Protein chains: 2
Amino acid sequence: MDRRVSPRTVTQKARTQRLRTDPGDKPPRARLLVDERRAQLLALGLSLFGARSYDEVSIDELARAAGVSKGLLYHYFPTKRDLYTAALRHAAQQLLEETLPPPDMLPEDRARRGIETYLSFAERHGPAYVALMRGGLGADSEIVNILEETRATIAQRILDALPIGPTPIVRAAVRGWIGFVEATALDWLAHQQVERGRLVTLLTGLLVDVVGRAAITI
Amino acid sequence: MDRRVSPRTVTQKARTQRLRTDPGDKPPRARLLVDERRAQLLALGLSLFGARSYDEVSIDELARAAGVSKGLLYHYFPTKRDLYTAALRHAAQQLLEETLPPPDMLPEDRARRGIETYLSFAERHGPAYVALMRGGLGADSEIVNILEETRATIAQRILDALPIGPTPIVRAAVRGWIGFVEATALDWLAHQQVERGRLVTLLTGLLVDVVGRAAITI
DNA sequence: TTGTCTATTGAATCCTGGTCAATAGACGCT
DNA sequence: AGCGTCTATTGACCAGGATTCAATAGACAA
């Protein structure tokens, strides 16, 4: 990936005609603030990577959809993978922010609120949520880590609220419960066969079951 | 991907020298039966794609590892993705075969046996199992389908054994439980912090909890 | 031995990820 | 207003990996 490109022999004529291919047909360059442009590209990346798999979305397509050149994409993100990673990380951070319950709630209400806001996020950010969930499916360690760190944060919120200390099996059970939540959330997004409130009730009740079961599993 | 290649202008000299670059250094062509060759390529694909991510494994590398030409790979599988897909499908079929409990068992014992054989498969086929679960970066719909069909088959085995009819929420709960199993299986493979029998007991007990909870969730 | 079928090959082609020199937008200063 | 500076933006170019394709050789039957 660190390619040594051969020196370019640029003729005098090519030099003067560079970037001047029929300028009459092109809109003028639109220069944005760095933050604005970066945010635009992240949102677009999430949108496209949420709808199709990573290698189905080419840099060319991303550039066309954003109305910019490929070179600009590389100005902001060193590689296509970096854009993908940044977009997923952005979605993960949003998810964690939006699912953090108020600290003055009772633990039982916090769990329910957390699950409610989780499903709400999944619904409002449909493709971005799917991209995040599927991104973690890859074997690329950096991207798996984004999702695993997100899960670990959520797990820690749960463990912090438990009246018992976290044994390995309780940790594993909480991790499994998060897998349960993700599977039902994706199933729910895809099929919409269960009413949301009912799903929240199921997930909340199951958290208690899971922890209880794990605590007594010898 | 359906590329129209321009007609090749092959000189008379190039035509007679085709496939004749220093034949003294090459082993003779080894022609295999179609089934044998295909099975070889699937096993190799699973091995390599299980160890590294999809786009880290090139067609060149696959060909070299198999001791064949790139052209042969394309003779058997239309694209690199098709080889990948076929390999995953093969792993999924193996998983379903090896986790099917004997039909004359009691339902409770079937569930435990199913879970035991599932974890056993995950352990024995480590990287292949992980590849199946992770499917590749932002897995495309065909690959997601392989995994979803596998899960649906497992879910149907569970639902068939239930004394109650499957309402949408029971279906969702069973789907969630499968998510739970997968999450804990992957966690267990990665960290080995819980003894396997204990995990089996947890998962078996939780299946009862999950179904019971779903049945009463109004 | 000859003919036929097709698995196998390696060179050629193309597309996508990435590079890079030139340019133009934006701003500050005189 | 004009000039200088910085850098976002561009489009042509490049290389490697995915794919194509015409030629060849292995295997079998007559």
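Every value quoted in this text rests on a predicted model; they were computed, and no experiment measured them. Side chains are part of it too, since the values below use all heavy atoms of this structure and drop only hydrogens, waters and symmetry mates. First the proteins, then the strands, lettered A, B, ... as listed; each starts at 1.
In this structure, His75(B) places its NE2 atom 15 Å from C1' of dT19(D), rounding to the nearest Å. Nucleotide dT19(D) holds its P atom 10 Å from the CG atom of Leu83(B), rounded to whole Å. For the pair Arg38(B) CZ and dT6(C) C1', the computed distance is 17 Å after rounding to whole Å. Distance CG (Leu32(B)) to P (dC5(C)): 22 Å, rounded to an integer number of Å. Going from atom OH of Tyr74(A) over to atom P of dT7(D) covers 23 Å, rounded to whole Å. In this structure, the CD atom of Glu56(B) is 13 Å from the P atom of dG17(D), given to the nearest Å. One can place CZ of Arg64(A) at 13 Å from P of dG11(D), the figure rounded to the nearest angstrom. For the pair Asp60(A) CG and dG17(C) P, the computed distance is 7 Å after rounding to whole Å.
Salt-bridge formation is not detected for the pair Glu116(B)/Arg196(B): no Lys NZ or Arg NE/NH1/NH2 atom is positioned less than 4.0 Å from an Asp or Glu carboxylate oxygen. Salt-bridge formation is detected for the pair Arg151(A)/Glu148(A): a Lys NZ or Arg NE/NH1/NH2 atom is positioned less than 4.0 Å from an Asp or Glu carboxylate oxygen.
Counting distance only, with no hydrogens placed and no angle test, the side-chain atoms of Lys70(A) and the base atoms of dT16(C) include no donor-acceptor pair under 3.5 Å.
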Quiz item: Stepwise, does the salt bridge (Lys or Arg N to Asp or Glu O under 4.0 Å) test hold for Glu142(B) with Arg81(B)?
Solution: CA-CA 10 Å; Glu142(B) 191 175 357; Arg81(B) 177 58 61 124; over 6 Å; no

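Projected onto DNA chain D by closest heavy-atom contact, Lys80(B) and Leu73(A) fall at different nucleotides, the more 5' of which corresponds to Leu73(A).
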What N/O pairs connect the protein and nucleotides 26-30 of chain D at under 3.5 Å? Give each pair on its own line.
unit_1	atom_1	unit_2	atom_2	d
dG26(D)	N2	Arg31(B)	NH1	3.1
dG26(D)	N2	Arg31(B)	NH2	3.4
dG26(D)	N3	Arg31(B)	NH1	3.0

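Under the side chain to side chain contact (heavy atoms under 4.5 Å, CB included) rule, Leu88(A) has a single partner from Ile143(A), Leu42(A), Leu83(A), which is Ile143(A).
Aromatic rings from Phe121(A) and His125(A) are positioned such that their centres are separated by under 6.0 Å.
Heavy atoms from other residues, nucleotides or ligands lying under 6.0 Å from CZ of Arg113(A) number 12 at most.
Among dA7(C), dT16(C), dT19(D), the nucleotide with an atom closest to any side-chain atom of Tyr76(B) is dA7(C).
Within the structure, salt bridge (charged side-chain N to carboxylate O under 4.0 Å, His left out) contacts touching residues 32-48 of chain B (residues at least two apart or in different chains) do not occur.
If you check every strand for non-hydrogen atoms under 4.0 Å, Ile59(A) touches sugar and phosphate atoms only.
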